[in-house]
Amino acid sequence: MPNPAPTRAVPNPARFRAVALLLPVLFACTLLSGCGGGWGVAASSLFDRVFMPQETVWAASPEPDAFTESYADATGAGTNYVYRVQGATADGSPVEVTLISYGGKTSGEGWLQIEAYGGSGVRYRTIDEHDVPLAAYEALAAPSSAT
């Protein structure tokens with residue numbers, strides 16, 4: 001039986017345009033110290049959404065004052081808080097995810113189920129501890145993952 005002819009991946013024009021637009025922004029954020037105002041987080045999130053696969057991550061809710069950055073929200077009336085949390089996938093693989101708490105700090109209570117692309121948490125919700133997959137729970141409870 002003959003081997004089928006090799007197929008070639010067809011470039012995605014939308015991804016190419018996104019890369020062309022995103023690279024200068026990422027470069028500028030790298031050059032600027034800190035890239036404050038949430039721009040660095042936004043550029044990283046955009047890159048992750050375009051190029052990284054989606055995965056579900058579980059993590060303990062971060063403590064309210066454990067944020068790494070904060071910036072005024074779009075209205076100027078509130079503050080958004082950026083958290084870097086240590087999480088794990090269903091098979092127990094460790095993942096660091098950036099979450100943004102819009103308009104206020106996190107409660108620091110319970111567990112989170114996070115829809116992530118690369119290191120960016122896109123959506124998250126509070127869940128009960130018994131809803132965390134066992135491998136993820138054990139990976140997060142291990143002494144090496146304690147901070």
Side-chain angles (χ1 to χ4, degrees), residues 8-147:
R8 296 183 191 262
V10 178
N12 182 335
R15 284 188 184 218
F16 180 77
R17 282 192 295 274
V19 170
L21 294 172
L22 187 59
L23 285 177
V25 172
L26 289 174
F27 183 70
C29 284
T30 301
L31 293 178
L32 298 172
S33 63
C35 199
W39 287 105
V41 174
S44 176
S45 178
L46 179 60
F47 179 85
D48 285 344
R49 287 181 191 221
V50 173
F51 296 106
M52 303 303 288
Q54 188 272 333
E55 63 184 343
T56 303
V57 176
W58 289 266
S61 181
E63 292 298 320
D65 291 328
F67 59 92
T68 58
E69 181 181 346
S70 64
Y71 57 94
D73 68 9
T75 67
T79 303
N80 298 333
Y81 295 89
V82 180
Y83 295 88
R84 300 213 194 294
V85 297
Q86 298 301 317
T89 59
D91 67 2
S93 299
V95 180
E96 182 178 77
V97 179
T98 300
L99 299 178
I100 301 173
S101 180
Y102 296 98
K105 296 178 182 178
T106 61
S107 69
E109 298 177 8
W111 288 83
L112 301 175
Q113 180 178 345
I114 306 162
E115 178 184 329
Y117 288 84
S120 299
V122 178
R123 289 183 232 7
Y124 58 92
R125 64 185 181 98
T126 303
I127 60 169
D128 291 328
E129 184 176 357
H130 70 271
D131 291 329
V132 178
L134 183 59
Y137 183 83
E138 289 174 345
L140 295 169
S144 63
S145 67
T147 55

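Residue numbers count from 1 along this sequence.
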Residue pairs involving residues 74-96 (criterion ring pair (Phe, Tyr, Trp, His ring centres under 6.0 Å); sequence neighbours excluded): F67-Y81
Value for CG (L99) from OG1 (T68), rounded to nearest 0.5 Å, stands at 10.0 Å
Pairs involving residues 86-95, ordered by first then second residue, that meet salt bridge (charged side-chain N to carboxylate O under 4.0 Å, His left out) (sequence neighbours left out): none
Polar side-chain atom of D73 near backbone of G78 as donor-acceptor pair, under 3.5 Å: yes
Compare every heavy atom of W58 with every heavy atom of A90, then report the nearest pair and how far apart it is. N-CZ3, 3.4 Å
Tell me whether D128 contacts the main-chain N or O of H130 through its side chain, where contact means a donor paired with an acceptor under 3.5 Å. no
Please check this pair: side chain of T106 against backbone of P62, looking for a donor-acceptor N/O pair closer than 3.5 Å. yes
Only counting residues at least two apart or in another chain, list the ones meeting side chain to side chain donor-acceptor pair (under 3.5 Å) with D131. none
Partner residues of D65 under the salt bridge (charged side-chain N to carboxylate O under 4.0 Å, His left out) criterion, sequence neighbours left out: K105
Close side-chain approach of T126 and L112, heavy atoms under 4.5 Å: yes
So which heavy atom on R84 is nearest to which on T98, and how close? NH1-OG1, 2.7 Å
Residues at least two apart in sequence or cross-chain that pass salt bridge (charged side-chain N to carboxylate O under 4.0 Å, His left out) with E96, listed by chain then number, are none
Side chain to side chain donor-acceptor pair (under 3.5 Å) filter on E129, not counting sequence neighbours, yields Y137
Taking every non-hydrogen atom, the tightest pair across G108 and E63: O-OE2, 3.7 Å
Measure across S107 and P64 and return the closest heavy-atom pair with its distance rounded to 0.1 Å. O-CG, 3.8 Å
Considering non-hydrogen atoms only, spot the tightest contact between V57 and A116 and give its length. CG2-CB, 4.2 Å
Could you check if a side-chain atom of Y124 sits within less than 4.5 angstrom of a side-chain atom of V85, using non-hydrogen atoms only? no
